[in-house]
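What's counted below: heavy atoms across the whole structure, side chains too, no hydrogens, waters or symmetry copies.
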Amino acid sequence: MRMQDEGFEVEVPSYFLCPISLQLMRDPVTISTGITYDRSAIEKWLFSCNKQTCPITKQPLSTSDLTPNHTLRRLIQAWCTLHASHGVERIPTPKTPIDKTHIAKILKQAQNFSPDSLHKCLITLKATALESQRNRNLVAESDGVFDFLAAVVTGGANHNIDSVELAVEILFHLKSSETHLKNLVNGDGSFMNSLLHVLQRGNYQSRAYAVMLLQSTSQLAHPIHLMSIDREVFKEIVRVIQDQISRQATKSALKLLAEVCPWGRNRIKAVDCDAVGVLVELLLNSTERRWSELGLVVLDQLCGRAEGREKLLGHGAGVAVVSKKILRVSTLASNRAVRILSSICRFSGTGKVVQEMLEVGVVAKLCLVLQMDCSLKTREKARDILKLHFRVWSNSSCIPPHLLSAYPSS
């Protein structure tokens, strides 16, 4: 293969090239099948792509250990030096890869939990973990790492906020195994509430990491721990949605509410923290399909309570925006929006509310649902709502004539 650099062309020996990327190897390593690859390429194959075979021979690997090929690396360096006049730069001697002993040494430096040693340890641990996927896996598999990071988070009030933010970020990036996450969240039940320290005082980035970590752990948490989430945590989750820190953080916050609201008195906690008003504003101003779906899922849960319905009806655009999302987002969104309207009609259908639904176009939209190719469940619920207030709505001039013909009889 010929390599061109700064106007010169140099013939590169094929055995200096990585078989995967066909680039000059900078850190050649040999795997268990005897084939040599560049470390970055084979680590991506093994750790990011989760492959357990040799890329060339397709043979299963007996071990994922990578043995440095020092002889080949020195030959490549010598070749680079020989062709320096053609613009070829000499590759540097690679650093020795870290191992679990290295991770244990980092943790030992923070054993006394003094502010300085703790912060330096976390900075080093973060830099190590973010260097490569191999390092992230190694850190995640090292003894004591998760206990150490969890201790920093749960003791957040006793530590510098910068240190707690670092611990949360590292936990997020480690992409922990299900076992680790279960242990993290189901220990003494304090972990999820401990993230409140970061959600309240952290910067936008750390708040995003905290809510995404909360969402991933909530899926594995025992119901008793979900029921015991502090009201203040709900307040901060709602604030993340309101601030729209990032698309990923907003999505995680919405999913988190959808997962935890069904448990215990969590719906009341969410309503008390103005979740309904924030979700209505989100639906009004966002065109994100997934945000609309998740927002309607949560609103449906909250409107299962009288307090939630009262908040929705108290918002000037509450009923209108729910109606607007029908037939405009997805089947899931339409189904949830119709469910919300059903809850309002059945349990909060005062004369004033029924008249408002007529004036803002809810009734016309429900008639349209009956004529569209919606799910059977959605059409049946729309028909039930229309029958429920047949006497008030059936002869209204607010319903276009072409839709009035679809109005079901009582």
Atom CZ of Arg267 and atom CG of Asp272: how far apart are they, to the nearest 0.5 Å?
13.0 Å

Not counting sequence neighbours, list each pair that qualifies as a salt bridge (charged side-chain N to carboxylate O under 4.0 Å, His left out) and has a residue in residues 27-46.
Asp27-Arg39, Arg39-Glu43, Glu43-Arg134

Are any of the side-chain nitrogens in Arg290 or Glu293 under 4.0 Å away from the carboxylate oxygens of its partner?
yes

If you round to the nearest 0.5 Å, how far is CD of Gln59 from CD1 of Ile31?
9.0 Å

Once you measure the plane-to-plane angle for Phe172 and Tyr209, does it fall in the parallel (<30°), tilted (30-60°) or perpendicular (>60°) bin?
tilted

Any salt bridge (charged side-chain N to carboxylate O under 4.0 Å, His left out) involving residues 348-357? Give me the pairs, sequence neighbours left out, ordered by first then second residue.
none

Any donor and acceptor pair, going by atom type alone, linking the side chain of His222 with main-chain N or O of Ile224 inside 3.5 Å?
yes

In terms of heavy-atom contacts, does CH2 of Trp263 have more than 12 from other residues, nucleotides or ligands at under 6.0 Å?
no

Steps toward salt bridge (Lys or Arg N to Asp or Glu O under 4.0 Å) verdict (Glu380, Lys377)
CA-CA 5 Å; Glu380 287 178 349; Lys377 188 175 181 180; over 6 Å; no

Applying side-chain contact (heavy atoms from CB on, under 4.5 Å), run through Gln77 and Ile91 and close with a yes or a no.
CA-CA 6 Å; Gln77 287 177 322; Ile91 63 170; 3.5 Å; yes

Stepwise, does the side-chain contact (heavy atoms from CB on, under 4.5 Å) test hold for Phe16 with Cys80?
CA-CA 11 Å; Phe16 286 178; Cys80 290; over 6 Å; no

Scan residues 323-333 for pairs that pass salt bridge (charged side-chain N to carboxylate O under 4.0 Å, His left out), counting only residues two or more places apart or in two chains.
none

Can a side-chain donor-acceptor contact be found between Gln133 and Arg136 if the only test is distance below 3.5 angstrom?
yes

Once rounded to the nearest 0.5 Å, what's the spacing between atom CH2 of Trp291 and atom CZ of Arg247?
7.0 Å

dist Asp162:CG -> Asn203:CG (nearest 0.5 Å) comes out at 8.5 Å

Would you find more than 12 non-hydrogen atoms of other residues, nucleotides or ligands less than 6.0 Å from Asp99 atom CG?
yes

Rounded to the nearest 0.5 Å, what's the gap from CG on Leu282 to CD1 on Ile241? Could you check?
7.0 Å

The reported gap from CD in Gln371 to CZ in Arg379 (rounded to nearest 0.5 angstrom) is 11.5 Å

With Leu46 as partner, the option from Leu61, Asn137, Thr53 fulfilling side-chain contact (heavy atoms from CB on, under 4.5 Å) is Leu61

